[in-house]
Structures are given as structure tokens and as C-alpha cells.
Amino acid sequence: EDQVTQSPEALRLQEGESSSLNCSYTVSGLRGLFWYRQDPGKGPEFLFTLYSAGEEKEKERLKATLTKKESFLHITAPKPEDSATYLCAVQTGANNLFFGTGTRLTVIP
Amino acid sequence: DAGITQSPRHKVTETGTPVTLRCHQTENHRYMYWYRQDPGHGLRLIHYSYGVKDTDKGEVSDGYSVSRSKTEDFLLTLESATSSQTSVYFCAIRRDRGNTEAFFGQGTRLTVV
């Protein structure tokens with residue numbers, strides 16, 4: 001059975017304090033791993049897609065990496081506006097994105 | 001922002017009544033999806049569509065039906081709403097079935113009392 005587990009559930013950081021969010025997965029035939037950001041009361045906003053182990057993508061203070069078992073979302077020198085819930089999803093052979101439950105990030109000024 | 005509009009944005013309804021949620025897109029994407037989001041659960045797929053009049057079930061489809069008579073519109077119907085269907089519902093669109101990203105609407109908060 002496909003599984004996606006995100007950790008930690010919640011993370012509080014001081015502004016400028018770098019950290020990483022984890023997404024571990026057990027799927028049969030990964031076709032893509034997606035990261036989304038979700039603000040309260042809004043729909044998920046697409047951030048990155050990773051397709052193969054060793055791939056990395058960057059956007060501003062965010063960097064996503066992928067291994068055969070997990071993905072990390074690294075946040076460098078975060079700002080309060082980076083506060084949100086970050087969702088990880090995997091695409092397998094089925095026509096679906098299978099989501100984790102997310103990590104709620106709070107960045108304190 | 002991806003051209004996705006969900007309506008209504010908020011709705012309160014009584015148990016046993018039918019409810020229809022609408023998703024409208026202006027991107028001409030082939031694939032459309034309905035998800036629900038509940039605390040402690042990730043986004044879970046209810047139904048999806050891969051073309052006009054072509055739909056299929058997701059992992060939590062019981063109690064829901066869908067219809068797609070035009071490329072731009074995807075309707076989700078709760079035939080007889082129950083309290084367990086209180087949730088936030090998101091529509092998503094995708095250009096194709098491959099490894100492309102999905103874009104989400106702003107959501108509909110449905111409360112069944």
C-alpha cells in the first residue's frame with residue numbers, strides 16, 4: 001500500500017534559523033514527487049516536482065531534494081512570510097496524487 | 001493564479017439534503033479532480049475526470065457523484081448529505097495524466113448540520 005509520511009507535524013523556527021522538512025514514502029513505482037505550500041483558508045500552491053533520486057530544485061529560500069526513500073524541503077534563513085503548511089504528494093502509476101498530512105511551519109520574527 | 005473557480009466558497013446544509021459543488025476552469029485542461037481535506041488526513045481523492053463525460057472513482061467516493069458535461073465544468077454532488085461529509089473540498093486541474101503538477105482552487109467549506 002502506498003504511504004506518504006511527513007515529519008515533523010509542526011515546526012517553529014526563529015527568523016533566520018534554517019531547517020528541513022521530511023517526506024518519506026513507500027510507493028510502487030514513483031513517477032514524481034510534488035511539494036505544495038498551503039496558507040490557511042486557501043488551496044495548495046505548487047512549489048516543485050522531483051522525478052528521480054539525486055534531483056534538486058530551488059526557489060528563493062526553498063530547496064527540495066529527492067532520494068529513493070524520501071524527500072527533504074530545506075528552508076534557508078526563513079522569514080515570517082514562509083509560515084504555512086507544506087504538503088508532499090507522490091504520483092504513482094495511478095492517475096492520482098497521494099498526499100501526506102503536511103508540516104505546519106511557523107517562523108517567529 | 002490558475003484559472004479555477006469553485007462555488008460556493010462556503011455552505012451550510014442539513015443532513016439528508018442534496019448538495020452540488022461547482023468547479024470551473026479557464027485553462028482547457030483535460031483532467032479535473034475533486035479532493036476533500038480533513039484534519040489528520042492528507043488530501044484524499046473523491047472522483048476525477050479525464051474528459052467530457054469520462055469520470056472515475058477515487059479512494060473516498062462513497063456518497064458522492066460527479067458530472068462533466070463541458071470541458072470547463074466539473075460538478076460534485078452529495079446525493080444526501082451526512083455529517084461525515086463536513087469537510088473542505090478542493091477542485092484541481094491537470095494538463096495531462098503524466099507527471100505534471102496539479103493546480104488547486106480555493107476550496108469550498110461545507111458544513112452538514
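In the text below, chain A, chain B and the rest are named by the order of the sequence lines, each starting its count at 1. Small disclaimer: the values here were computed from a predicted structure and weren't measured.
Taking a 6.0 Å sphere around NZ of A:Lys57, one finds it holds more than 12 heavy atoms contributed by other residues, nucleotides or ligands. Shown here is B:Arg9, whose CZ atom has more than 12 heavy atoms of other residues, nucleotides or ligands within 6.0 Å. The neighbour count for A:Glu81 CD, taken as heavy atoms of other residues, nucleotides or ligands under 6.0 Å away, is above 12.
In this structure, chain A has no heavy atom under 4.5 Å from any part of B:Arg109. Interface remark: A:Tyr36 contributes side-chain atoms only to the contact with chain B (heavy atom separation under 4.5 Å). Only the side chain of B:Glu59 comes within less than 4.5 Å of a heavy atom of chain A; its backbone N, CA, C and O stay farther away.
A continuous path of Ile, Leu, Val, Met, Phe, Trp and Tyr side chains, each step under 4.5 Å between heavy atoms, connects A:Val4 with A:Leu33, placing both in one hydrophobic cluster. A single hydrophobic cluster is not seen to contain both B:Leu75 and B:Trp34; linkage of ILVMFWY side chains at heavy-atom distances under 4.5 Å, directly or through other members, places them apart. Put simply, B:Ile93 and A:Phe98 are part of two different groups of oily side chains (I, L, V, M, F, W, Y) that touch within less than 4.5 Å, one to the next.
For B:Glu101 against A:Phe34, the heavy-atom pair with the smallest separation is CA-CE2, 3.6 Å. For the pair B:Gly40 and A:Thr101, the tightest heavy-atom approach, listed with the atom from each and the gap, is O-CG2, 3.5 Å.
Expressed to the nearest 0.5 Å, how far CG of A:Leu97 lies from OH of B:Tyr35 amounts to 4.5 Å.
Heavy-atom pairs under 4.5 Å with chain B were tallied for A:Glu45, A:Gln6, A:Gln38, A:Glu9; the largest tally goes to A:Gln38.
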